[in-house]
2 protein chains.
Amino acid sequence: MVTIKDVAKHAGVALSTASYALSGSDKVSPKTRELVLQAAKELNYQKNGFAMDLKRKSTKTILLILSDLSGPYYSELIRGTQEVTLSNGFDLIACSSVGGADSTAYKFLQERRVDGAIVLDPNISEHLLRESAREGCPIVVMDRYVEGDFIMNVAADNVQGGYEATRYLMEQGHRDIAWIGGPSNSLGSQHRKEGYLKALQEEGIANTKWMLVGNFTEEGGYHSTKVLLMQEERPTAIFYGNDEMAIGGYKALREFGLSVPEDVSIVGFDDIQVAEYLSPPLTTVRQPKYEMGTMAAHLVFQAMGGEYVNKSYKLKIELIERLSCQPPRLAPNRGKGMET
Amino acid sequence: MVTIKDVAKHAGVALSTASYALSGSDKVSPKTRELVLQAAKELNYQKNGFAMDLKRKSTKTILLILSDLSGPYYSELIRGTQEVTLSNGFDLIACSSVGGADSTAYKFLQERRVDGAIVLDPNISEHLLRESAREGCPIVVMDRYVEGDFIMNVAADNVQGGYEATRYLMEQGHRDIAWIGGPSNSLGSQHRKEGYLKALQEEGIANTKWMLVGNFTEEGGYHSTKVLLMQEERPTAIFYGNDEMAIGGYKALREFGLSVPEDVSIVGFDDIQVAEYLSPPLTTVRQPKYEMGTMAAHLVFQAMGGEYVNKSYKLKIELIERLSCQPPRLAPNRGKGMET
DNA sequence: GAAATTTATCGAAACGTTTCGATTTGTTTT
DNA sequence: AAAACAAATCGAAACGTTTCGATAAATTTC
């Protein structure tokens, strides 16, 4: 392995001079710089980043931790963080928590390999977050709430989202609105449900019949919907904790011979890419993902720069009207139990 | 910042002993180990990963470079690489090339910050790849072909894919089959086109009228399709270089009052998530993305271990039949120019 | 043309680890 | 109880950089 020492020797200068030359300092004369660069090229010298970081005590990279590197959900968010990160002259790397909750994240957070982090991943323990956040490595946590020094929170206003979606259905005349939520470790899902309940309450509706949990996956939505439809009475609308579950819902409804939105109106949450292409196109609640991403990144840099920032930010959410809802039939659509 | 030195002092042992204790060596007695661990906890000691890597000369992480961290395309692929990487006890991080072709990728490859890399990104220059690949950092390049020491290639058999898709259309009776390809820097797209041409040639069809390029985006597909439809004669089928362009194609066709598959049959490429939900569901060519991911990762580890591996691998591809194709009408469907 | 000043180069220390070989301590063998 | 051995601890050197302060060389000033 060729080091800067070799380069220096080959160029016939001192190690320190070689270092100056390679990092483009103006302390070195043009002609020796040339000499060194030439030597570096000839030896195919590659700088060792660690040694550099070790001296410099900063890495100029920030880490994005996602629960699943691959989900369709994250696209916009990543784009947002990326743009801000780059424009600050930093690099962005991403990792996920698959395979042992804290593993990779642990390595990068705890071993001080990054200068900041953005975490959208319920699997990362609060303990790790609190231990790792410090001056020189602020952390922004998304879609959950973690208190601690150098820890900030960014989330969509899920309560509002849940509330608006439910109100929207109620304004169309629905009163029997089911909720199929996400896993219980998702604060986002809990908040959406809160909004949902709040809207119902305002109208004096006390629904306890139609509240189920799924797991944010298509299968989960499918099964929960089936369970729902097997009951004696059926809702005229279903509000899903996310779009993927709504997709599963579509499937289940079709199997029961019910059509959307004639028999049942549907609202999802997230506005993933597919939502627009379903038939009927899915009415859903769009989170400002891009904005959340840029916001998170900005916060990291502000905190890094020692600026005072609030601990917690909530971003507004928007209802996307498509074709999966319509007013309910006048006579409530009562099921008669299992039909298949 | 508290270092191992502080821990050692606090525990009343030598620095080296502290190091042994912290890394769980059995050279140290249980009771001093306890002592050291205790001290570390009290001081909230966090190990410095760089210093460690610098000594150890390995990072135990491999890098995945994607052109766009966010595309829906990558999900399965990432999952594949991730599984293999983790099961080898390594960590996987991802970065993209957005914002200055080589920046982040450059930093990690060139500065020896990883022990291996998997690259699916046409923006990364061959030069960088060849310079960075070395013993101790093998690189697998996907969907293109790069020659060099410690560089291996994995790709789907795009020629085969293009060929089969085209044959499929021909077997249904189509003879006027258009091609709307991806950007010219995509080797994959080129190969698909090759397969397409080969299939046509076998039947003695010499199409030059209906070959356009898009840019792998929905808009690109939309515009190219419009251009296609404005021509005097119209194809009875269109083969798109990827699914996203096919989606744009659906839109354009609808605007022209043409329906899929009655008026025009459509085949896409990639089988992204949406494909299944379009109406009609899109017939497309599925790349074995998961397999490509695991393959790539395995290759990295084999090369790392000094095993001999082939330089290049091609994986078979599969046609997914859905409802966007049917035999053409008997009288070829001749357009009369622009109709709207 | 010598003194003062600037510019270019150098040597050495530091960054925080790991790890080798040497030393000390504790245990067993005779 | 001394000799032989094993186990535990220690000191110091490395890893490849950056950077400070010191020296040497080149330039300016009087």
Side-chain angles (χ1 to χ4, degrees), chain A residues 1-40 43-61 107-108 110-115 134 136-137, chain B residues 1-40 43-61 107-108 110-115 134 136-137:
Chain A
M1 191 161 65
V2 28
T3 76
I4 201 173
K5 207 165 152 184
D6 303 313
V7 175
K9 198 181 303 172
H10 194 263
V13 301
L15 184 152
S16 46
T17 308
S19 172
Y20 285 129
L22 286 169
S23 54
S25 157
D26 54 354
K27 295 182 73 173
V28 82
S29 78
K31 84 175 188 301
T32 38
R33 188 200 323 292
E34 254 331 294
L35 211 64
V36 172
L37 259 38
Q38 182 57 33
L43 298 177
N44 189 26
Y45 166 70
Q46 298 178 238
K47 132 175 330 187
N48 182 320
F50 303 129
M52 188 181 100
D53 291 341
L54 180 56
K55 260 316 261 190
R56 290 245 181 98
K57 297 169 158 224
S58 98
T59 67
K60 291 232 148 202
T61 99
K107 175 160 162 184
F108 280 85
Q110 187 74 335
E111 295 182 358
R112 307 163 158 225
R113 295 179 130 91
V114 288
D115 290 348
R134 58 170 196 280
C137 185
Chain B
M1 190 162 64
V2 27
T3 75
I4 202 173
K5 208 165 153 184
D6 303 313
V7 175
K9 198 182 302 174
H10 193 262
V13 302
L15 185 153
S16 47
T17 310
S19 172
Y20 285 129
L22 285 169
S23 55
S25 157
D26 53 353
K27 294 184 74 175
V28 83
S29 79
K31 84 172 186 302
T32 37
R33 188 200 323 292
E34 253 332 295
L35 211 64
V36 172
L37 259 37
Q38 182 58 31
L43 298 177
N44 189 26
Y45 166 70
Q46 299 178 238
K47 131 174 332 188
N48 182 319
F50 301 130
M52 188 182 100
D53 291 341
L54 180 57
K55 258 319 261 189
R56 291 243 180 100
K57 295 168 159 228
S58 97
T59 67
K60 290 229 151 206
T61 99
K107 175 161 161 183
F108 280 83
Q110 187 73 336
E111 295 182 358
R112 307 165 157 222
R113 294 179 129 90
V114 289
D115 290 349
R134 56 168 199 279
C137 184

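Every chain is numbered from 1 and lettered A, B, ... according to where its sequence line falls, protein lines coming before strand lines.
With rounding to whole Å, B:K47 atom NZ is found 16 Å from C:dC15 atom C1'. Computed from coordinates, the A:R56 CZ to D:dT18 P distance equals 6 Å when rounded to whole Å. Rounded to a whole Å, the CG atom of B:L35 is 9 Å from the P atom of D:dT9. For the pair B:K27 NZ and C:dT19 P, the computed distance is 10 Å after rounding to whole Å. D:dT17 atom P lies 16 Å from atom CG of B:N48, rounded to whole Å. The CG atom of A:L22 sits 13 Å away from the P atom of D:dT19 (whole-angstrom rounding). Here C:dC15 presents its C1' atom at 14 Å from CD1 of B:I4, a figure rounded to the nearest Å. The NZ-P distance, from B:K31 to C:dT25, rounds to 13 Å in whole Å.
Closest approach to the A:S19 side chain among C:dG16, C:dA12, D:dT18 is made by D:dT18 (side chain taken as heavy atoms from C-beta onward). Side-chain proximity of A:K55 to the nucleotides C:dA14, C:dT18, D:dC10 is greatest for C:dA14. Considering only side-chain atoms of A:M1, the nucleotide from D:dG16, C:dT18, D:dT19 that sits closest is D:dG16. Of all nucleotides listed (D:dT17, C:dT17, C:dC10), D:dT17 comes nearest to the side chain of A:T3. With distances taken from any side-chain atom of A:S29 to the nucleotides D:dT9, C:dT9, C:dT19, the minimum falls on C:dT9. The side chain of B:L54 lies closest to D:dG16, out of D:dG16, C:dT18, C:dT9. In the set D:dA12, C:dC15, C:dT17, C:dT17 carries the atom at the smallest distance from any side-chain atom of B:Y45.
Within the 4.5 Å cutoff, the side chain of B:H10 has heavy atoms near those of the B:L43 side chain. For the pair A:V2 and A:Q46, the minimum side-chain heavy-atom distance is 4.5 Å or more.
There is no side-chain donor-acceptor pair under 3.5 Å between A:T59 and A:D53.
Both A:R33 and A:L15 lie near DNA chain C, and the one whose nearest nucleotide falls closer to the 5' end is A:R33. The nearest heavy atom of DNA chain D to B:D26 and to A:V2 marks one nucleotide each, and the one closer to the 5' end goes with B:D26. For the pair B:G12 and A:Y20, both in contact range of DNA chain D, the more 5′-proximal nearest nucleotide belongs to B:G12.
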